[in-house]
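Here's the structure we're looking at; comments come further down.
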Amino acid sequence: MSTDTGPTGFRRLADSIVSFFRSGSTGPAFQVNTGTAVQPDVVKKALTLVKLQAGDSIIKSRAQRTRDHLAVFDNQFELLLLNRLQAAFHPENYANIKFVLHSSSNVMRRILSDTCILYQNAAKRSLKQTKVTQTSETGGEQRGEPETLAEDTVELNTGDTNVDELAEVLKLSGSKSAQQDSPFERLQAAYDLDTLLDLVEKLTSISPVVWVRPVVTYDETPDGVAIPETGKLNFVVYTPACAEVVTDPKDSTKAIAFYYYGEDVVAVNGELRKIPVIHFWNKETYIEFTMEWKVIRMEEHKMGRLPVTPFRAQLPREGYYTEGMGNDLFEATLELNILKTLQNSRCKDGAFKQLAIQGDPENVQADLVMGGPSPIMLGDDNTATILDFQPNLAQFTDMWKEREISVATTHGVTEASYKHAGGPVSGFAKKLDKDKVLEESKRRRKFFQRAEQDLYTNTAIVLREYPLPNIGQLDPMAELEVDFSEPTFEEDPQ
């Protein structure tokens with residue numbers, strides 16, 4: 001597809017999309033689920049935006065770079081190492097080196113484990129309820145002054161309840177245990193948010209942005225009909241490896257649409273098939289279409305916002321993304337494993353010894369045998385020497401150790417802390433070693449506090465549209481307070 005995104009290219013692309021909608025289907029017949037009526041120009045605009053971005057070299061580069069970072073994060077980077085070795089060495093040397101590939105030293109994982117400590121211990125979350133003062137022009141509720149939650153109201157059939165039982169129930173209704181049965185408490189009990197957000201924090205260190213989407217899923221009957229009572233809340237994590245946004249032309253730090261690449265089972269010519277698809281949202285509409293730009297389903301949604309919450313470890317400088325996150329950890333991990341691979345190769349070469357005989361070959365016995373107690377007869381005027389390759393393996397060790405320590409100290413992990421190999425060390429010493437890490441963690445709190453607030457609001461809206469009886473309704477106007485727990489250190493480990 002052409003990458004021409006100027007006015008002429010945009011107009012030509014838009015004309016081709018309009019032509020497609022006018023000409024009807026030009027391929028497999030897809031079963032389209034229109035849901036709530038969607039204006040045709042909305043679909044055309046969505047397709048135009050995504051098609052334009054699909055040919056953008058910057059977006060392609062960002063997606064590939066994120067995929068590479070995630071490959072290292074997931075310990076699946078052998079192919080990346082082999083590609084670099086193949087580009088650097090002669091084919092014959094590469095054929096020998098690849099058999100001693102070292103790929104078990106993951107600097108990225110180790111440093112992220114040492115530095116991403118916001119959710120090392122569970123955070124404490126509470127809601128500050130708001131009083132609705134008036135209704136906005138769009139019909140939404142505007143936030144007013146905070147108010148204290150009233151105690152739960154308990155309905156009793158007094159004809160079947162004696163006075164003692166009534167007193168006990170009223171006592172429980174205002175107790176801590178009763179308050180913990182609020183929808184927000186049930187949400188926290190149903191889902192381990194800290195484990196989710198611990199992963200998100202690590203990913204924000206190696207990805208330009210991380211999106212989290214609350215979604216309600218259902219089990220289905222054999223006919224594909226959702227079973228309402230099986231509804232479950234889940235959170236899906238996306239990165240630019242498979243997702244993108246369309247930014248606001250008036251403010252490039254904000255997104256007006258979100259889409260991701262996935263798979264879906266759809267009816268093609270009357271048969272169910274799993275095909276690659278694109279899921280697209282703006283603040284009013286959801287559209288699913290194929291990689292050939294044919295619409296599968298489209299409907300209006302009632303969320304009034306994008307379905308995802310963005311998480312970042314810092315403010316973006318010139319747009320929506322915090323570019324460059326994790327590049328040093330990625331390169332350091334590959335470099336370290338390449339150095340250790342070369343060290344392995346030199347070690348193998350160092351074990352190789354070869355007998356070299358100088359003189360007339362006719363004077364050497366024909367049945368010369370190496371090894372064993374038999375003497376070696378060289379004949380007159382012949383001499384023998386041993387070719388013994390002795391590589392400087394310590395030089396490689398010094399190189400990869402220096403590289404490890406350099407990237408660790410860049411991220412606030414001291415040399416002493418990084419070199420510690422698991423032996424006892426006091427909690428106070430650990431805390432001193434990690435002063436810079438603790439300072440960075442405190443800096444991140446404000447970013448994650450704001451993101452958690454948006455994720456809560458997003459979740460409340462999703463549960464409003466897809467109610468779950470085991471959780472109940474959340475107040476989307478409530479203010480979330482997050483108390484991040486300080487990391488703990490053993491004072492005198494044994």
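For the single chain, residues carry numbers from 1 onward in sequence order.
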Query raised in the report: Under 3.5 Å, side chain of Glu288 to main-chain N/O of Arg297, donor-acceptor pair present?
Result: no
Query - Main-chain N/O of Ala241 paired to Arg67 side chain as donor or acceptor, under 3.5 Å - result: yes
Report task. Look only at the side chain of Gln449 and the backbone of Leu480, and say whether a donor-acceptor pair between them is shorter than 3.5 Å. Result -> yes
Query - Check: Lys250 main-chain N/O paired with Asp248 side-chain donor or acceptor under 3.5 Å - result: yes
Report task. Test side-chain contact (heavy atoms from CB on, under 4.5 Å) on Leu81 and Ile338 and set out the steps. Result -> CA-CA 7 Å; Leu81 291 174; Ile338 287 174; 3.9 Å; yes
Requested in this report: Calculate, to the nearest 0.5 Å, the distance between atoms NE2 and CG belonging to His102 and Asn337 respectively.
Outcome: 5.0 Å
Requested in this report: Determine the interplanar angle of the Trp211 and Tyr320 rings, folded into 0 to 90°, and report it as parallel if under 30°, tilted if 30 to 60°, perpendicular if over 60°.
Outcome: parallel
Query raised in the report: Where does the angle between the aromatic ring planes of Phe311 and Phe448 fall among parallel (under 30°), tilted (30 to 60°) and perpendicular (over 60°)?
Result: tilted
Requested in this report: Inspect the surroundings of NZ in Lys446 and state if more than 12 heavy atoms from other residues, nucleotides or ligands are less than 6.0 Å away.
Outcome: yes
Query raised in the report: Do the side chains of Glu284 and Glu300 get nearer than 4.5 Å, heavy atoms only?
Result: no
Query raised in the report: Taking C-beta and beyond as the side chain, do Met325 and Gln314 meet within less than 4.5 Å on heavy atoms?
Result: yes
Report task. Go through Val308 and Arg213 one step at a time and tell me if the side-chain contact (heavy atoms from CB on, under 4.5 Å) criterion holds. Result -> CA-CA 4 Å; Val308 293; Arg213 176 185 166 219; 3.7 Å; yes
Requested in this report: Please name the pair of heavy atoms, one in Glu78 and one in Ser103, separated by the smallest distance, quoted to 0.1 Å.
Outcome: CG-OG, 3.6 Å
Query raised in the report: Taking side chain as C-beta onward, heavy atoms only, is Arg84 less than 4.5 Å from Glu335?
Result: no
Query raised in the report: Roughly how far, to the nearest 0.5 Å, is the CD atom of Gln86 from the CG atom of Leu79?
Result: 9.5 Å
Query - Test side-chain contact (heavy atoms from CB on, under 4.5 Å) applied to Glu452 and Arg125, step by step - result: CA-CA 10 Å; Glu452 279 207 48; Arg125 299 173 179 85; 2.7 Å; yes
Query raised in the report: Do you know the tightest heavy-atom contact between Ser207 and Pro240?
Result: OG-CD, 3.3 Å
Query - OG-CD distance between Ser205 and Glu440, expressed to the nearest 0.5 angstrom - result: 8.0 Å
Query raised in the report: Between Asp198 and Lys202, does at least one N-O distance fall below 4.0 Å, as a salt bridge requires?
Result: yes
Requested in this report: Would you confirm whether Ser485, through its side chain, and Ala122, through its main-chain N or O, come within 3.5 Å as a donor-acceptor pair?
Outcome: yes
Query - Rounded distance [0.5 Å steps], CD1 in Ile471 versus CD in Gln188 - result: 11.0 Å
Report task. Identify the heavy atoms of Val100 and Asn344 that sit nearest to each other, and give their distance. Result -> O-ND2, 3.2 Å
Report summary line: residues 51-79 vs ring-ring contact (aromatic ring centres under 6.0 Å, His included), sequence neighbours excluded, gives His69-Phe330
Query raised in the report: Are any of the side-chain heavy atoms of Ile278 and Glu244 separated by less than 4.5 Å?
Result: no
Query raised in the report: Taking the six-membered ring for Trp, is the centroid-to-centroid distance between Tyr238 and Phe258 below 6.0 Å?
Result: yes
Query - Validation row: Leu336, Lys340 side chains within 4.5 angstrom (heavy atoms) - result: yes
Query raised in the report: What do you reckon, is NZ of Lys232 surrounded by more than 12 foreign heavy atoms closer than 6.0 Å?
Result: yes
Query raised in the report: With a 4.5 Å limit on heavy-atom distance, are the side chains of Ile287 and Val295 in contact?
Result: yes
Query raised in the report: Should the pair Arg445-Glu486 be classified as a salt bridge under the 4.0 Å nitrogen-to-oxygen rule?
Result: yes
Query raised in the report: Any donor-acceptor pair under 3.5 Å linking the side chain of Gln53 with the backbone of Ile59?
Result: no
Query raised in the report: When rounded to the nearest 0.5 angstrom, what is the spacing between CG in Leu197 and CZ in Phe484?
Result: 8.0 Å
Query - Spatial distance of atom CG (Asn234) from atom OG1 (Thr217) [nearest 0.5 Å] - result: 6.0 Å
Requested in this report: Just say parallel, tilted or perpendicular for the rings of Tyr259 and Phe280, cut-offs at 30° and 60°.
Outcome: parallel
Report task. List the atom of Asn121, the atom of Pro487, and the distance in Å for their closest heavy-atom pair. Result -> ND2-CA, 3.8 Å
Query raised in the report: Are Glu465 and Lys302 within salt-bridge range, i.e. N to O under 4.0 Å?
Result: no
Query raised in the report: Can you check side-chain contact (heavy atoms from CB on, under 4.5 Å) on Ile227 and Tyr218, steps first, answer last?
Result: CA-CA 6 Å; Ile227 306 173; Tyr218 301 89; 5.7 Å; no
Query raised in the report: Within a reach of under 6.0 Å around CZ of Phe447, are more than 12 heavy atoms found that belong to other residues, nucleotides or ligands?
Result: yes
Query - Candidate pair Asn96 and Glu92, rule side-chain hydrogen bond (donor to acceptor under 3.5 Å, both in side chains), full reasoning - result: CA-CA 7 Å; Asn96 293 323; Glu92 292 185 6; over 6 Å; no
Query raised in the report: Is it the case that Arg444 and Thr115 place a side-chain donor and acceptor less than 3.5 Å from each other?
Result: no
Query raised in the report: Would you say the side chain of Thr457 lies within less than 4.5 Å of the side chain of Ile461, judging by non-hydrogen atoms?
Result: yes
Requested in this report: Using a strict cut-off of less than 4.0 Å between a Lys/Arg side-chain nitrogen and an Asp/Glu carboxylate oxygen, indicate whether Asp56 and Arg62 qualify as a salt bridge.
Outcome: no
Query - Test item: Thr322 side-chain N/O and Pro208 main-chain N/O as donor-acceptor pair under 3.5 Å - result: yes
Query raised in the report: Closest approach of Asp219 and Thr230, non-hydrogen atoms and distance?
Result: N-OG1, 2.9 Å
Report task. For the residue pair His411 and Asp328, confirm or rule out a side-chain donor-acceptor distance under 3.5 Å. Result -> yes
Requested in this report: Could you tell me whether Arg443 and Glu439 have a side-chain N and a carboxylate O separated by less than 4.0 Å?
Outcome: no
Requested in this report: Give a yes or no answer on whether the side chain of Tyr456 reaches the backbone of Asp475 with a donor-acceptor pair at less than 3.5 Å.
Outcome: yes
Query raised in the report: Shortest non-hydrogen contact from Glu404 to Val107?
Result: CG-CG2, 4.1 Å
Requested in this report: Side-chain contact test, heavy atoms from C-beta onward, threshold under 4.5 Å: evaluate it for Asp114 versus Val437 and give yes or no.
Outcome: no
**Report entry** Main-chain N/O of Met108 paired with Thr333 side-chain donor or acceptor, under 3.5 Å
**Finding:** yes
